[in-house]
Amino acid sequence: MDNKKVARLVQELADMMELHGENSFKVNAYRKAARAVENSRMPLTDLKKGPTELDGVGKGTAAVIQEILDTGRLQYLEDLKKELPPELPVLMNIPGLGPKSIHTLYQSLGVTGLADLEKVVAEGKVKGLPGFGPKKEKNIAEGIRYYRERPQRFLLIDVHLVAENMVERLRECPSVFQAGYGGSLRRMKETVKDIDLVVATEEPQDVAKYLKEMPGVIQVINDGERKVSLQMDVGVDIQVDVRLVLPEQFITTLHHFTGSKEHNVRIRQRAKAFGWKVSEYGIFDPKKGEELTFKKEEELYQTLQLPYIAPEMREDRGEFEKKEGELPKLITLNDYCGDLHMHTRWSDGAVSVKEMALAAQNRGYQYIAITDHSQSLKVAGGLTADDLKRQREEIDAVNEELSGITILAGVEMDILPDGRLDFPDEVIKELDWVIASVHTSFQQSGDRITQRILHAMENPYVHMIAHPTGRLLTRRDPYEVDMDRVFRGAKETGTILELNSNPRRLDLKDEYLRRAKDEYGITIAINSDAHSPKELDMIPYGVGTARRGWLEKKDVLNTWPLEKVMERLRKKR
DNA sequence: GCCGTTTTCGGCCCGACTGTTTTCAGTCG
């Protein structure tokens with residue numbers, strides 16, 4: 001039983017207690033404990049004095065954890081679940097409904113799930129309950145519709161482009177001093193639920209009016225003096241929350257709305273230890289009666305005697321437990337110097353080798369690898385051994401012609417369903433760079449899929465495993481691969497693992513990256529997997545994900561100069 | 001339920017907005 005599973009059960013316990021109407025501080029205590037368990041780098045069973053060593057875990061939670069470790073289950077949680085209808089937690093997803101309202105609906109009207117809720121709303125039975133009026137009934141009806149019809153989360157890239165656009169547009173408004181976006185978007189989470197904008201202005205009413213008249217506004221959800229919430233159709237149908245603050249409050253508000261919520265809680269607790277109060281408007285010192293504001297986020301952290309924590313790390317996943325100098329110096333886009341996974345017209349790409357090389361050169365890269373698909377991937381026009389030889393001649397010619405960039409001859413070779421590789425050793429040993437990846441038989445058992453990947457890594461000519469878990473965000477779950485075995489295998493064989501920057505993949509994901517680095521010291525390569533020159537620009541999403549995984553320059557192959565990369569590749573052979 | 005160089009009891013992060021209310025609870029982030 002790993003920490004993650006224990007944490008999940010404790011978290012579920014907190015959720016169920018909340019629905020039961022249990023004291024919210026008690027609920028929060030379990031939530032805090034669950035997070036401590038999840039963030040602990042040490043397996044629970046290795047803690048000398050037991051779970052209470054973790055911050056926020058006392059006698060009560062320790063007993064709960066022990067029961068989970070011993071029996072794999074939790075009687076109290078199962079009892080709670082028996083007492084409530086199994087569908088009830090689903091209602092927590094309806095905007096506007098929280099534990100208190102759900103509890104009332106269940107107790108008074110016997111609502112046990114979504115279908116029941118719809119029925120009592122349609123019958124007009126909701127208004128008239130204590131605390132429920134006609135508006136609330138209408139809001140619930142709309143909440144249900146919203147939950148049913150809209151996607152829960154959007155891809156980072158889709159929201160990113162929209163938000164950039166809106167910020168641009170806001171800056172054109174004469175009353176706007178400064179504008180920016182925060183939220184999970186700024187933290188570069190792989191999917192994003194809504195857009196959080198922060199605007200500095202002396203005339204909030206003007207900006208609010210400007211906002212409400214922007215093209216794409218479907219509905220005004222909130223319309224306050226300092227906060228406007230809009231439902232917008234801007235390519236994606238998404239909620240946009242805008243905070244309107246004075247210019248001097250911009251940084252503290254931006255920080256506040258960058259979150260995460262958990263990170264902010266820790267920030268406020270820390271301020272409290274100094275006798276201060278942190279809000280979106282600044283750090284308030286009640287003794288002096290003054291509110292501190294800042295020109296840069298760095299100053300805010302400095303004031304709280306913390307090292308600067310980059311947005312991508314603000315998840316309360318251990319960033320507060322590090323002292324000055326212990327936090328990683330995160331990789332930046334500037335460190336990146338070569339893309340090692342891309343396709344050309346030889347297989348399913350859009351342009352020639354030379355066109356890809358020129359596009360890469362335009363982006364300032366020192367090297368790239370051309371890695372078209374291998375023969376068995378027919379749908380993508382995979383290359384035969386003979387094709388590869390002819391492609392090599394073309395690559396040699398382009399290398400001859402272009403200066404300042406080096407093109408490696410590579411391949412993205414299929415790992416076949418039976419575990420064999422798509423080419424024999426004598427073919428791949430001629431190549432500079434060999435990627436292996438799974439494109440077929442995703443539904444195999446975890447053990448078989450894991451075996452396929454392990455076998456590929458044992459081949460001395462295979463340098464890297466691409467998109468190791470095979471997930472497609474919002475479309476396809478990862479295959480059942482055992483990542484601990486893959487990490488061990490990668491470490492033992494010196495195989496590189498990919499962070500694929502395609503916004504629908506971002507594979508490996510942040511949590512895996514951090515484990516690959518911390519627990520195994522594995523080298524990661526960030527690649528675009530581009531099928532056209534434009535797709536080379538997906539790298540920032542990969543770098544953002546790498547930063548969420550706490551990766552530094554030294555952890556990432558593509559930040560190394562070519563000679564060092566080649567030396568690393570020779571090592572495996 | 002957890003925690004303590006002000007505390008073993010009484011707090012627990014902070015504020016905006018809405019809708020239901022005559023002063024505030026619930027929800028959200």
Side-chain angles (χ1 to χ4, degrees), chain A residues 10 13-14 17-18 21-36 51-65 76 91-105 126-140 142-143 182-187 192-198 204 208 220-229 239-245 249 252-284 286 291 304 314 316:
Chain A
V10 176
L13 176 63
M17 288 173 70
E18 188 176 40
E22 185 60 87
N23 173 299
S24 61
F25 294 112
K26 211 166 165 179
V27 171
N28 268 338
Y30 279 118
R31 294 233 163 98
K32 186 180 176 193
R35 217 169 34 246
T52 50
E53 267 187 48
L54 298 175
D55 200 27
V57 178
K59 257 165 68 184
T61 318
V64 161
I65 291 171
Y76 181 36
L91 301 184
M92 285 294 287
N93 295 315
I94 309 290
L97 279 190
K100 293 277 175 15
S101 306
I102 294 171
H103 198 70
T104 306
L105 288 164
V126 170
K127 58 175 178 282
L129 291 179
F132 290 70
K135 286 250 177 92
K136 178 125 182 165
E137 186 173 82
K138 187 162 159 279
N139 284 344
I140 293 173
E142 273 181 19
S184 51
L185 176 60
R186 182 157 178 248
R187 302 199 311 279
V192 175
K193 186 163 67 74
D194 54 20
I195 297 177
D196 297 289
L197 300 179
V198 178
V220 179
I221 301 167
N222 275 329
D223 190 8
E225 281 177 37
R226 292 168 149 156
K227 177 178 169 176
V228 176
S229 297
Q239 182 168 332
V240 182
D241 295 324
V242 192
R243 296 296 298 238
L244 309 164
V245 294
Q249 297 166 333
T252 45
T253 307
L254 182 66
H255 177 267
H256 179 88
F257 286 97
T258 297
S260 67
K261 200 169 72 180
E262 291 76 13
H263 181 90
N264 285 352
V265 167
R266 295 291 302 270
I267 287 282
R268 295 196 199 107
Q269 284 168 345
R270 184 167 179 94
K272 217 173 154 115
F274 290 105
W276 302 332
K277 205 173 68 168
V278 170
S279 77
E280 54 264 57
Y281 305 118
I283 298 182
F284 182 69
E291 184 128 52
L304 294 171
R314 298 178 195 166
D316 191 20

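Throughout, protein chains are lettered first and strands after them, A, B, ... in sequence-line order, and every chain is numbered starting at 1.
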> Just by protein heavy atoms under 4.0 Å, how would nucleotides 4-12 of chain B read 5' to 3' in B, S and -?
Replying inline: --------B

N/O contacts under 3.5 Å, protein versus nucleotides 17-21 of chain B?
unit_1	atom_1	unit_2	atom_2	d
dC17(B)	OP1	Glu225(A)	N	3.0
dC17(B)	OP1	Arg226(A)	N	2.8
dC17(B)	OP1	Lys227(A)	N	2.8
dC17(B)	O3'	Asn222(A)	OD1	3.4
dT18(B)	OP1	Asp223(A)	N	2.9
dG19(B)	OP1	Asn139(A)	ND2	3.4
dT20(B)	OP1	Gly133(A)	N	2.6
dT20(B)	OP1	Gly133(A)	O	2.9
dT20(B)	OP1	Pro134(A)	N	3.3
dT20(B)	OP1	Lys135(A)	N	3.3
dT20(B)	OP1	Lys136(A)	N	3.0

With the criterion being N/O to N/O and under 3.5 Å, what pairs connect the protein with nucleotides 23-25 of chain B, and how long is each?
none

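Residue Ile283(A) contributes atom CD1, which lies 13 Å from atom P of dG15(B) at whole-angstrom precision. Atom CZ in Phe257(A) sits roughly 15 Å away from atom P in dC14(B) (whole-Å rounding). Atom CG of Asn93(A) is separated from atom P of dT27(B) by 14 Å (rounded to the nearest Å). Taking atom CD1 of Ile267(A) as the reference point, atom C1' of dG15(B) lies 17 Å away to the nearest angstrom. Spacing between atom CD of Glu18(A) and atom P of dC28(B) amounts to 10 Å, rounded to whole angstrom units.
With a cut-off of 3.5 Å on both Watson-Crick or G-U wobble distances, the partner of dT18(B) is given as dA25(B).
Among the atoms of the strands shown, none is found under 4.0 Å from any heavy atom of Lys127(A). Residue-level contact check: Val57(A) touches the backbone only, with heavy atoms under 4.0 Å from sugar-phosphate atoms and none from bases.
Cation-pi geometry between Arg35(A) and Tyr30(A) is not met: the NZ or CZ atom fails to fall both under 6.0 Å from the ring centre and inside 45° of the normal.
For dA16(B), one of the phosphate oxygens OP1 or OP2 lies less than 4.0 angstrom from a side-chain nitrogen or oxygen of Tyr281(A).
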